[in-house]
Amino acid sequence: MDTRERMLHAAADMLARGGRDAVSTRAVSAAAGVTAPTLYRLFGDKEGLLHALANYGFQQYLAEKQTAMTDDPVADLRSTWHVHVNFGLSHPAIYALMFGGTPSREGNRAGREALAMLRDIISRIAAHGRLRVSVDEATQLFYATGVGVTLMLIATPSADRDLNLATTALDHLLRATTTDAEPAARVPGVALRAVALREALRHDDQNGHTLTSNEQALLADWLDRLAAGNPTPSE
């Protein structure tokens with residue numbers, strides 16, 4: 001373990017035991033067996049240390065979230081949701097720093113990676129013709145709800161904590177955004193196919209530039225309208 005990692009380990013331990021205020025440059029330096037100038041050289045100041053600690057937590061989070069994918073993207077979404085919530089409850093202080101604190105460059109970069117993982121799973125749901133809304137809308141809904149539910153559970157005393165809340169929230173989201181809970185026959189086929197085609201074309205254009213930018217914009221507008229079930233505006 002190098003000096004930087006020793007200091008992050010020490011800071012993470014202090015954060016877990018006493019919260020953000022317990023993390024001081026002097027205490028972290030002493031616990032890691034280094035001088036204060038070493039901390040300032042590596043992290044700049046306390047805020048720089050906390051930013052690096054948020055990124056350190058994200059790396060742990062992403063490592064836990066790298067679960068094996070299956071042929072059922074909805075099942076994969078369920079499993080990664082529970083990985084997310086369980087990480088927050090197992091590491092409440094670092095989770096609050098990662099998702100509830102002031103955004104930092106390091107945290108934002110790692111957060112974008114976590115968001116990209118979620119979007120990839122939802123893209124697979126769309127490609128299977130099982131997504132009712134756009135990929136972007138579903139990604140934002142699941143990300144915001146997952147973070148909100150986890151932070152609320154962390155803030156609730158363990159004796160009063162209802163762990164079923166996370167599953168209930170997930171079930172509601174799945175009913176609203178996918179065909180997981182209801183037969184696909186109950187959902188208009190055109191809307192499902194429009195969402196799937198929208199996502200397939202997005203990947204195709206990224207790889208081969210099949211359409212011009214104007215053609216992409218026009219087709220995207222049509223597909224978004226079909227997916228939402230909105231009629232064409234009158235001239």
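All values below were derived from every heavy atom in this structure, side-chain atoms included, with hydrogens, water molecules and symmetry-related copies excluded.
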Q.
I'd like to know if Asp72 and Arg130 make a salt bridge, using a cut-off of under 4.0 Å between side-chain N and carboxylate O.
A.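 Yes, Asp72 and Arg130 are salt-bridged.
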
Q: Step through the shown structure and confirm whether more than 12 heavy atoms of other residues, nucleotides or ligands are within 6.0 Å of CG on Asp162.
A: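 Atom CG in Asp162 is crowded, with more than 12 foreign heavy atoms closer than 6.0 Å.
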
Q: Dump the intermediate steps for side chain to side chain contact (heavy atoms under 4.5 Å, CB included) on Thr35 and Thr38, then the final yes or no.
A: CA-CA 5 Å; Thr35 60; Thr38 300; 3.3 Å; yes

What residues form a side chain to side chain contact (heavy atoms under 4.5 Å, CB included) with [X], not counting sequence neighbours?
X: Ala155; answer: none
X: Leu163; answer: Leu89, Arg161
X: Ala16; answer: none
X: Ser90; answer: none

Contacts table for residues 137-149: side-chain donor-acceptor under 3.5 angstrom, sequence neighbours left out:
{"residue": "Thr139", "atom": "OG1", "partner": "Val135", "partner atom": "O", "Å": "2.8"}
{"residue": "Thr145", "atom": "OG1", "partner": "Leu141", "partner atom": "O", "Å": "2.7"}

Point-to-point distance, once rounded to the nearest 0.5 Å, from [atom1] of [X] to [atom2] of [Y]:
X: Leu118; Y: His84; atom1: CG; atom2: NE2; answer: 9.5 Å
X: His91; Y: Leu97; atom1: NE2; atom2: CG; answer: 13.5 Å
X: Arg78; Y: Asp171; atom1: CZ; atom2: CG; answer: 5.0 Å
X: Thr3; Y: Leu8; atom1: OG1; atom2: CG; answer: 11.0 Å
X: Arg124; Y: Leu131; atom1: CZ; atom2: CG; answer: 13.0 Å
X: Phe87; Y: Phe99; atom1: CZ; atom2: CZ; answer: 7.5 Å

Between [X] and [Y], what is the shortest heavy-atom contact and its length?
X: Gly57; Y: Ile94; result: CA-CG1, 3.7 Å
X: Arg20; Y: Lys46; result: O-NZ, 3.6 Å
X: Gly88; Y: Thr150; result: CA-CG2, 3.8 Å
X: Met14; Y: Ala31; result: CE-CB, 3.6 Å
X: Trp81; Y: Ala166; result: NE1-O, 3.2 Å

Q. Of Leu42, Asp2, Leu53, which meets side-chain contact (heavy atoms from CB on, under 4.5 Å) against Met7?
A.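 Per the side-chain contact (heavy atoms from CB on, under 4.5 Å) rule, the option paired with Met7 is Leu42, out of Leu42, Asp2, Leu53.
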
**Q.** Given Asp76, Thr178, Thr177, the one that forms side-chain contact (heavy atoms from CB on, under 4.5 Å) with Ile125
**A.**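 With Ile125 as partner, Asp76, Thr178, Thr177 yield a single side-chain contact (heavy atoms from CB on, under 4.5 Å), made by Thr178.
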
(Q) Could you work out, with ring-ring contact (aromatic ring centres under 6.0 Å, His included) as the rule, every residue matching Tyr56, not counting sequence neighbours? (A)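 His9.
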
Q. Are any non-hydrogen side-chain atoms of Phe43 and His51 less than 4.5 angstrom apart?
A.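 No, their side chains stay 4.5 Å or more apart.
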
Q: Find out whether His128 and Val74 are in side-chain contact, i.e. whether some heavy atom of one side chain is under 4.5 Å from a heavy atom of the other.
A: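 No, side chains not in contact.
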
Q: Would you confirm whether Asn86, through its side chain, and His82, through its main-chain N or O, come within 3.5 Å as a donor-acceptor pair?
A: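 Yes; judged by distance alone, with no hydrogens or angles, the pair exists.
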
Under 3.5 Å, which donor-acceptor pairs do the side chains of residues 21-28 form with other protein atoms, sequence neighbours left out?
{"residue": "Ser24", "atom": "OG", "partner": "Ala27", "partner atom": "N", "Å": "3.1"}

Q.
Could you work out, with salt bridge (charged side-chain N to carboxylate O under 4.0 Å, His left out) as the rule, every residue matching Asp13, not counting sequence neighbours?
A.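 In terms of salt bridge (charged side-chain N to carboxylate O under 4.0 Å, His left out), with neighbours along the sequence ignored, Asp13 is linked to Arg17.
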
Q: Could you tell me which residues satisfy side-chain hydrogen bond (donor to acceptor under 3.5 Å, both in side chains) with His172, sequence neighbours excluded, listed by chain and number?
A: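 Residues passing side-chain hydrogen bond (donor to acceptor under 3.5 Å, both in side chains) with His172: Arg175.
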
